[in-house]
Structure formats: structure tokens, C-alpha cells
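In what follows, a single structure is set out as C-alpha cells and then discussed.
Residue numbering restarts at 1 for every chain, and letters A, B, ... go by the order of the sequence lines.
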Amino acid sequence: MASGRRQYPFHLIEPKWQQMWERQQAFRAFNPGETIPGGHPFAVRHGLEDKQPSAAELPPKFYILDMFPYPSGAGLHVGHPEGYTATDILARYKRAKGFHVLHPMGWDAFGLPAEQYAVKTGQHPRQTTEENIANFKRQIQSLGFSYDWSRELATTDPDYFKWTQWIFLKLYNSWFNPETNRAEPIETLKYPAELGEGADGNRGQASRLPLASKERNDGDRRDAGPTDLESARRAWRDKHRLAYVTDAPVWWCPALGTVLANEEVQDGVSEVGGHPVVRKPMRQWMLRITAYAERLLSDLDSIDWSESLKEMQRNWIGRSEGAEVDFAIADCRLPIADSKIRVFTTRPDTLFGATYMVLAPEHKLVDQITTPEQREAVAKYKAEVAKKSDLERTELAKEKTGVFTGTYAVNPVNGERIPIWIADYVLASYGTGAIMAVPAHDTRDFEFATEFNLPIVQVVQPPDPKTDWRGFVDDGTSVNSTGPEISITGLPTAEAKTKITDWLEAKGLGQRTINYKLRDWLFSRQRYWGEPFPIVWKRDAGGNLYHEALPESALPVLPPALTDYKPTATGEPPLARAKEWVTLPDGATRETNTMPQWAGSCWYYLRYLDAKNPQSFVGKEAESYWMGVSNPKSEIRNPKSATPGVDLYVGGTEHAVLHLLYARFWHKVLFDLGYVSTPEPFFKLVNQGLILGEDGQKMSKSRGNVVNPDDILKEYGADAFRLYEMFLGPLQDTKPWSTKGVEGVYRFLGRVWRLFGDEQSETEFEQAETVTNTQTPEAPKLLELIRLNSAIKDVPPSPAQLKALHACIKKVTEDLDAMRFNTAISAMMVFVNEAMTWKTKPHAVLREFLILLQPFAPHLAEELWTKVQSPKPKATASDGAETLAVGPGALDSLAYSPWPKFDPALLVESEIEIPVQVNGKLRDVIQVSADADNATVEAAAKASAKVKPFLEGKTLKKVIVVPKKLVNLVVV
RNA sequence: GCCGGUGUGGCGAAAUGGCAGACGCACAGGACUUAAAAUCCUGGGACCGUAAAAAGUCGUGUGGGUUCGAGUCCCACCACCGGCACCA
């Protein structure tokens, strides 16, 4: 042990209070209508003992949420508790402020490691998961966080994933209505005329179909037998559902034995593990997140997230405005419908500069338009591209490649013939999979044209004539842009875009379009340890396979027992091994994919609100109270949306796009369908920064610089650990760990201990401790031997003492409101340093200080709080310390003690120091009375002996007096 | 390449446009101690001075600018960190 003697007996104090809080359920939050037990400190504080308050009768809520962890086998590292400590401090602070705080914790427990372990050892992932959760929970609890453990949840719990599957059914049974711009039940989807039941008689409403049967046993369905009309209608609906099936190529990762979402693939390798991935067509479930692109984008304006995080989401969604333009194919040998190639461009103003076209190699027209002479070259190029992994495609991106198809297109604005090429720098999956190339004003086209000697025509003049127009991609003025029917020459870029787009629309050659980079969410995984889909597959009379939702009554769909967790030899998911499970009595077969890990984390913050509800994923009343809509006393800080949701959400940046985008998407669907009352889930979000190793490098096992919280706790205790994590620097910053730094705050806590404790009784305590087994339940009683320091007296504080206290209250309060934990701690250090010097320490002053300390170092503060309940040792000491903290009817629980208010009047000085500058340079500091007027201050400044030499022989030009701040004498 | 963020002592950091370096670490000196640990006190940006002081000069990545006054605001650049990356 580097630090030698223990600063204070945290090894007894911390378990004592953790047990106390747990016994008392001190941090349990109560839903509207719930009976609040008498004696519970929250009930005592708010006068709600044995009552069943409605939402309106409860104090204003405050929902503080941590990103729940994946309980890995490695246990907690010091990065986890950083955010958890910050939120715990705020939760405790808000409780003291009188809020009804919801502060829950749970487990994001589905995931690959437990499954990979199962593949290796045959141990069921549930067992691994449960062990890991137990370890995580023990570690988290040893830090004294004030979570409401009665709301604990795990995504792997059937009572939980039943509702994950239920939400999936909602997605499955909904479509996005572009007219109302929101999700609606699939029954509101109209069939097109050819599928309608009679012309307009029943408005083609799908509700005429026996849809009610969806909620009945699936066995009863469609006894009448399918018809062509019925399967056509089913196909129509299936095409519109928010959850749908495609056979599109997906990222298959052979090493992981699963497909991955676009977002899980980085630079051609899997984000997890860095394994290579390949493109492979497979049947997959998709979620139609793209329908929400616009709302996901625009609603960012209504929430309080960091600008950089919003920017990341905006970039991910990637909205771009432009136009789609049709180019006719010259000398067309094709049927009319296919004789056009549609391109997407954000720069229709550069249409006159289009000197060639490029199709993605996968574009569906490529084979049709390729001339016989070029056929071989095109086929070869397509084969090359198909062979390339995405990794190679990105790596080789520097050099442009492509092949001419032999065919020409006609530029609609000037009738010019331009060659059509194929090249892999055009992506099939974005826009229309084809572009018009304007080499003069697009970097990629410029490189391509240079490579293949294609013409480059200027059509934009840069604002600065010295700028080279070649490769100029910004806004300027259109030039050389006059055709037989339309001219935009001379127009600034913005106007040129409008004018030419209007013309294209009028001529039927194109239209305004908005494109998004965002793709639909690939939602199925070939894994065992995830939520099974509540979906079965059947065949209709024509032998066609179709899918159907299981009824709600079939939930939860549990995964089958397996002995082998590997995918099958044919590449089918592991669930396919459970033959009996897969096949239902009616011959239907179950979907064997499972949901991705993101599914469970998409809505866990809602389950916390009503974690045990067996009837619903969340009760209406609980939802509206905690999300802040039903309680008139709630603080609504954003008048624009007036729907705060989670008041504070803290977690790492690694979830900046995926989790946060997916969760927002699900929340909006639930909002549209009327299940939740706010359009956004997380009103305020803060990303905690990374904690690096002592060497300033990212912590990793291979570098050997990982700090284990258990080791720190053993040596310095939870309070010191918490304090240090916050003292390190601003929450959002990346900062290196320093175990030496822990000692600093540990010493501070030791000073607090000595400030309150009596030295002689401490010695007696230590002697008693050496002959006692500290593992016994009686050991904490030893703490009663510690007496209050005799310098602490029930006397009125001096003005200086009051000032020190109130300066501390002010600073800590303001810093907590702004989440500046490090400076709040330093303010408490300043206070303690000063209080140590006081000969007589007023009881009232030190007592208030403990309330400030409590959120940061709750165990120590609670223990000392028992000592300051009365300046004399308690007469009823035989009751033990417990009664002091939790006695019914008495407001003596520190955790719920009202936060002190500072009195600004106590902070005013009678004499203040004013710096005096000459020409902006500090020359002296003078003492003046605080209410001195400017003339007096100026005179005093001029009179200063240190200032005078700098004025001699100079002319005083100007005098700046900033009241109570500074004097600056300007001389020449 | 594009977007976002950050550059302040030996280190972590602090500073509504107004005394740069609070608070802490590490370090040095002292007190207590047989000694050590712990604790308490003192010191500290650099330079130049001096027996020791005082005074002075320079100092917040670099170069400009605005201002009586800039770590803070503006412009240009450099470095590092994070994100995106052939998205037309």
C-alpha cells in the first residue's frame, strides 16, 4: 500500500451505509398511485407517509439515466463508473432539491461474447450472462450508487424481451403514411385500384379483410384458402410494413457467422473483432428507419444535445437536396420505358457542364445499353468489381477505374451526345445509381475525366477571378450555360439551381428530390443469443412462402434449448438446429433469425418507468408522469417541444449514432401509435469522456494499463474513488487516470474525517478495532466509539465562517447545475482547508457542509451526519446508529435533507482589492471600501506609491474604472 | 479531403473580455518522531536580479487583428484527438 495508514475507516463505513440504504430501500422511486410506506425518507420529506399520491400530488420528477452496460466477463473498468458517478451525484443533488428522482440501472445482456463462450464450452449463454450480471451488480453496488434496484431489468429476461417482441409486432403491423408523415396501423393502408374491392365502394380500405384474426390463433387463419387476390394484397401490405423482408445483398461476416448492419461494418471489416466481411444476398428483416429520416433530422433541434453529437447524427442521416434529371439514350434500341437514365444531382446548375455519364456497375440498365464491341470489357470490369471486397474498394479509392459502355446519352439542356461509362466510384445504393459527370466542378468526376481524357467544360465562374475554375466545387456564377430553350448564364449558383429545376419540372424532364444517406436498418442476425422473432413462415396454395406474425398471446417466444450453438453447415442460424422448436403443429415454421443487440436497448428507458408491469410494456400513467407530461410541477425547459422525456442521459460517444438513432426511431413509432407521449426520448444528453491509462494511452489489456476499480476501492474506498473520477477534469473531456491523484482526494476525505472526529476517540477506536474481527456484522458498531471533535460547538458562527460556508454553497450549487463536478470539489477543499484552521467550529456550519458533501461522498457524509445530529453523544446510543439515520417521523436522513440555500448578503465584502493597471499592465493592488465610487477609486489608484513612477513625465489620457473590478490608467 | 473538438507550469487542471495558473498531484524545505510512515506548516511559471528581498522583463500552440485591456472575441496557420469518407 503506497499510502500507509488508512485515512479513515471507510472499510467499515461504506458497507454499513450500503446495507442501510438497501434495507430501507432508500432510493426507491414511487409511481403515481403506489402506496409510499411510512418512515421512508422520501415520504417523510414530502409529507406522503402511507399515502397513494397521484401524479399531480407527487413532487416534480427528474429522470436521470445511465446507458446500461453490457455485462462482460471482464467486469467493470474505471470508465464505467465515470458516467455513473456523475449521474449519481446529480440524482442525490436533485433529491436534496426536492425532486422525485428516477435513477435506474439494468443490463444490456444479449450479445456475442456469451454466445461465443457457449460455442466453445457448451455452457448456456444464460448462465454466463447471469454470472456476469451478478459480478457487475456487486461492483456497481460497492460504489454506493443510489439506484432504484426494484426497477432493475435485463434485456435477456423473458418478461422483458416479451415486450421487445411486442414492439416488433407493432412495427410489423404498421406502415408509414407519407401524407400524415407518421406510422399508422397497417389496416389504414389502402390497396391500389387493381387490388381494391370494387371501384371506390369501400375506399379500398384494408380493414375489410379478416384482420381481426391476426389477434386470434394463427391456426384459425385463412381456412377458406388463399386466392391470387389475397396473396397480391398480402404482398402489397408486406411491401409497406415498417418491418419487412428483403433478399438484398448484406454484409456477411464468416468469422462471426452472421450478417451485420451497415453501421457495424467499418472499412470493410466488422466493427467488433475486425473480421473481413463479404457481400452476400440473403433473406433479411429490415426496419424502415428511412421513413423517419426527416423527423429524426429536424427533431434534433428540439433536444439539448451537444452540437457535435447532433452533427454526427445529421451526417449519418445525410440529407441532400437536389434534382433527379432524365437523360435520354441516344440511338436507342431499347423499349421506350427504359430509354432514359435517371440521375440524381445536387448541382442541377452544372447541367451544361455534364460531359459524360456514369452508371454504377450494378445498375440494371448496364447490360442492355452495352454495345457488342464493349461487351467483353464491361463484363470483365463488372466481374472485377464484384470480386473486390469493400475493403479493397475503399483502399483503392485513390485511383479511378471504369469502362465505356459504347452508348451515348443526350444532355436534355443542350442536346449534346455524351458517353455513358460504368465505374465503381458510383454507388448503386445511393440516389439512382447513376450520375451526370461534371468534371469541371466535382472532384471525383475531375479525377475520372483526367484519368480517361474526357472533356472538361467550365460552367461555374468562381467569385474570385484568381481561383482556378478547374475542380472548383463551391458556389459561383453560371457561365457557358445557354441552350436552345433555357439559359442560366450569369446567374449565381442558388438562383441558377432554382431556375433550371423549375424548367426541368415544367418540361417533365426532372424534379426536385431529397436524398438521404441513411439506409434501412438490417434487423436480423444469425445468432442464438438474441430475441427470437415472433414470426412464422407458411406456404399458400400456390406454394409461395409468406410470413405471418404470431399473436400477442404467443409472447414471449423463448429460444429453444440447444447443445450446439454454432450456425448450421448450410449457413442457417443456430436456431434452425432445434427442429422441434422450428416446426409448429400446423406445419408453419418459425423464423430462425434473431434480433440484433440494439433491439433491447431501444426501449429499456421506458421499461424502467414501470418495470414489473405484466399487462403492458409501460403503464400509461407511469409513462406520462416520468416522461414529464402529466405533472404540472415538472420543469419543462424546452418551450419549443414542451416534452422533456428523460431529463438527463449520460453515456459514451460510441453510441452517438447507432443506439441513439435506433432508440429515437422506435420512440417515434411508439409515439405515432399513441403508446408514448413525447416525440423524443432523451431531452438532454451528455457524453462522458474517455478515461485513458496512466500512460496517456487508451486502456487495453494488451497495453497492460487497465485500472480495476476493485483494487482502487480496496485501498481508498468508494467515496475517494467517486470523488477522484469527478476531480479528474470536466466530465466530457478525455483524460488520463492517475492513481496518485486518487490519493489527493483520499487525503481530502481524511481531512474531513479529522475535521469532525475527536482524535483521542479515534485512537481508542483503532485499538478496539485491532482486537475485533471487522468482518462481523457487529463491526460497524465500533464506529460509535468515535466522538465528535470537541472544537465543534453549538455556537453562532462568525461572519467569516458564514462567508466561507455560503461561498461554498454558492459554488457547489452553481457547479452542480452546470455539471462542473471538478470545480465543485475544489470549492469543498477550499472550505475544509479553511475550516481546519478555526479554533471553534460552529456546529450549524459543519452540518450544512455535510449536505453539500453528501452527493459526492455519501458514505462518509452519512456517517458524520450521525455524529452531528446532536453536539453531545447520543443518550440513546444503545439503539445504535441506525435510528439516527432512519428514525420514522424525524427528518434525519441525510440523503433527503433539503439542499441549503446561500445568502448573497453574507458574501458581500466591506473592503475589496482592486488591481491597478497602467497601460494594461498590472502595477499595484489597492484596498478600497466596497461601496467606494469611481472617483474615490481613481484617486486611490493615482495615489499608489507603486503606480506613481509609471505616471511621472507622462500625460494621463484616459482612466478606465470598472466598478469592483479594476482601474486602468492610460498614459502616453 | 470534409465535419466537430482540444492546445495554459513537471503533471491533472482553474479563470461572466478585467490580478493567468484556483484546487489537486509530483517536488523542495521545515515541524513532530529514536527513525520512518501519517499529519501539520512553508515554497514554487520562466528569465534577470539579490546575501535574501524588492523592482523589472517575458509568458496560455504559431502569426496577425479588434480593444484602455485578450487564455477568452475576429482572421490565417500548425499540432493532436474524435467522427465521416467516392453519398453525386
Side-chain angles (χ1 to χ4, degrees), chain A residues 1-7 266-267 306-312 314-316 318-320 322 343-347 350 358 393-394 396-398 400 423-427 429-438 442-445 447-448 473 515-519 653-654 656-657 687 689-690 692 694 696 724 727-730 732-745 747-748 750-751 754 759 811 820 822-830 833 836-837 913-925 946 949 957-960 962 964-971:
Chain A
M1 183 180 280
S3 50
R5 186 179 163 223
R6 190 149 32 219
Q7 288 273 352
Q266 306 255 308
D267 303 325
S306 74
E307 205 39 53
S308 70
L309 187 56
K310 287 185 183 183
E311 212 37 45
M312 277 193 231
R314 287 190 192 110
N315 289 340
W316 194 264
R319 181 186 201 271
S320 68
V343 303
F344 173 71
T345 177
T346 55
R347 294 295 300 267
T350 62
V358 186
R393 231 164 126 158
T394 348
L396 303 173
K398 297 148 220 156
K400 294 275 182 292
D424 66 355
Y425 83 92
V426 172
L427 308 175
S429 51
Y430 183 77
T432 60
I435 60 157
M436 62 172 201
V438 183
D442 181 281
T443 313
R444 299 147 301 182
D445 298 343
E447 287 168 10
F448 191 82
V473 298
N515 257 309
Y516 300 92
K517 282 200 275 186
L518 185 69
R519 305 292 154 78
T653 345
E654 65 271 23
V657 272
N687 286 125
L690 207 61
L692 306 172
E694 300 222 39
Y724 178 64
F727 190 62
L728 215 49
Q732 292 91 337
D733 288 8
T734 299
K735 53 230 163 221
W737 177 268
S738 152
T739 298
K740 279 286 182 197
V742 186
E743 283 182 36
V745 293
R747 278 203 280 265
F748 162 67
R751 274 204 300 284
R754 291 190 295 277
E759 216 179 308
K811 183 81 177 132
R820 290 186 300 247
N822 54 334
T823 49
I825 293 167
S826 104
M828 290 190 287
M829 288 173 167
V830 171
N833 287 348
M836 291 294 271
T837 67
E913 288 188 337
I914 300 274
V916 180
Q917 298 180 340
V918 178
N919 286 348
K921 284 201 169 134
L922 180 73
R923 296 302 175 187
D924 195 13
V925 177
K946 285 179 183 166
K957 239 185 109 189
K958 196 170 173 184
V959 179
I960 290 116
V962 183
K964 296 183 198 242
K965 282 284 181 193
L966 149 149
V967 179
N968 190 9
L969 304 169
V970 185
V971 297

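Residue A/R751 contributes atom CZ, which lies 13 Å from atom C1' of B/C41 at whole-angstrom precision. Between the CZ atom of A/R747 and the P atom of B/C40 there is a distance of 9 Å, rounded to whole Å. Rounded to an integer number of Å, the gap from A/L922 CG to B/G69 P is 16 Å. When the C1' atom of B/G18 is taken as reference, atom CG of A/L969 falls 14 Å away, rounded to whole Å. Here B/G69 presents its C1' atom at 15 Å from CD1 of A/I914, a figure rounded to the nearest Å. Nucleotide B/A85 holds its P atom 15 Å from the CD atom of A/E311, rounded to whole Å. If you take CZ of A/F727 and P of B/G24, they are 7 Å apart, rounded to a whole angstrom. Note: NZ (A/K735) to P (B/G12) measures 13 Å, nearest angstrom.
Inter-residue side-chain proximity for A/N833 and A/R751 is flagged as met; some heavy-atom pair is nearer than 4.5 Å. Residues A/F748 and A/Q7 are not in side-chain contact: their nearest non-hydrogen atoms beyond the backbone lie 4.5 Å or more apart. The closest side-chain heavy-atom distance from A/M829 to A/V745 is below 4.5 Å. Side chains of A/T653 and A/M312 form a contact here, defined as non-hydrogen atoms less than 4.5 Å apart.
When distances are taken from the side chain of A/K921 to each of B/A88, B/C25, B/C58, the shortest belongs to B/C58. Taking only side-chain atoms of A/K965, from C-beta outward, the nucleotide of B/C86, B/U16, B/A88 with the closest atom is B/U16. When the nucleotides B/C86, B/G18, B/C84 are ranked by their closest atom to the side chain of A/Q917, B/G18 comes out on top. Of all nucleotides listed (B/A13, B/A26, B/A88), B/A13 comes nearest to the side chain of A/P730. Picking from B/C68, B/C23, B/C19 the nucleotide with the shortest atom distance to the side chain of A/K958 gives B/C68. Of the listed nucleotides (B/A13, B/A15, B/G24), B/A15 has the atom at the smallest distance from the side chain of A/R820. Ranking B/A88, B/A22, B/C68 by closeness to the A/V970 side chain, first place goes to B/C68. Set against B/G18, B/A14, B/G24, the side chain of A/T823 has B/A14 as its closest nucleotide. Of all nucleotides listed (B/C23, B/A88, B/C86), B/A88 comes nearest to the side chain of A/T345.
Among the protein residues, A/R923 comes within range of the sugar-phosphate backbone only, with heavy atoms under 4.0 Å from sugar or phosphate atoms but none that close to a base. Note on A/D733: nothing from the nucleic acid sits closer than 4.0 angstrom, heavy atoms only. Contacts of A/L728 with the nucleic acid, taken as non-hydrogen atoms under 4.0 Å apart, involve only primed sugar atoms and P, OP1 or OP2. Here A/T653 lies out of heavy-atom contact (under 4.0 Å) with every strand. In this structure, A/Q732 reaches neither bases nor backbone, as no heavy-atom distance under 4.0 Å exists between it and the strands shown. If you check every strand for non-hydrogen atoms under 4.0 Å, A/V962 touches a base. Among the protein residues, A/N833 comes within range of the sugar-phosphate backbone only, with heavy atoms under 4.0 Å from sugar or phosphate atoms but none that close to a base. If you check every strand for non-hydrogen atoms under 4.0 Å, A/R754 touches sugar and phosphate atoms only. Here A/T346 lies in heavy-atom contact (under 4.0 Å) with sugar-phosphate atoms only. Note on A/S308: only backbone sugar-phosphate atoms sit closer than 4.0 angstrom, heavy atoms only; bases stay farther off.
Rounded to whole Å, the C1' atom of B/G43 lies 40 Å from the corresponding atom of B/G82. Comparing B/G29 with B/A52, their C1' atoms are spaced 16 Å from each other, to the whole Å. Comparing B/A13 with B/G7, their C1' atoms are spaced 13 Å from each other, to the whole Å. B/G63 sits 30 Å from B/G12 when the C1' atoms are compared, rounded to a whole Å. Taking atom P in both B/A22 and B/U16, one finds a spacing of 15 Å when rounded to whole Å. B/G9 and B/A20 are spaced 11 Å apart, taking the C1' atom of each and rounding to whole Å. Between B/U62 and B/C11, the distance separating the two P atoms is 15 Å to the nearest Å. Across B/G71 and B/A36, the matching C1' atoms stand 44 Å from one another, rounded to whole Å.
Taken from CD in A/Q917 to CG in A/D924, the straight-line distance is 12.0 Å, to the nearest 0.5 Å. Taken from CD1 in A/I825 to CZ in A/F727, the straight-line distance is 7.0 Å, to the nearest 0.5 Å.
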| request: Determine which bases of RNA chain B form Watson-Crick or G-U wobble pairs with both distances under 3.5 Å, and write the result as a 5' to 3' dot-bracket string with | for other-strand partners. | output: (((((((..(((.....[....))).(((((.......))))).(((........)))..(((((..]....))))))))))))....
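Side-chain atoms of A/K957 stay outside donor-acceptor range of the base of B/C68, with no qualifying N/O pair under 3.5 Å.
Of the possible donor and acceptor atoms, one in the side chain of A/K735 sits under 3.5 Å from a partner among the backbone N and O of A/P730. In this structure, the side chain of A/Y724 engages the main chain of A/S738 through a donor-acceptor pair within 3.5 Å. In this structure, A/D442 contributes its side chain and A/A437 its backbone to no donor-acceptor pair below 3.5 Å.
Between A/N968 and A/G744, the residue anchored nearer the 5' end of RNA chain B, judged by the nucleotide with its closest heavy atom, is A/G744. Both A/T837 and A/K811 lie close to RNA chain B; mapped to their nearest nucleotides by heavy-atom distance, the more 5′-ward contact belongs to A/K811.
Residue A/T734 has no polar side-chain atom (N or O) positioned under 4.0 Å from OP1 or OP2 of B/U6. Between A/N822 and B/A14 there is a side-chain polar atom (N or O) within less than 4.0 angstrom of OP1 or OP2.
Between A/F448 and A/Y425, the ring planes lie tilted relative to each other; the angle falls in the 30° to 60° range.
Taking syn as a glycosidic angle within 90° of 0, B/G69 does not qualify and is anti.
The 12-atom threshold is not exceeded at CD of A/E759, counting heavy atoms of other residues, nucleotides or ligands nearer than 6.0 Å.
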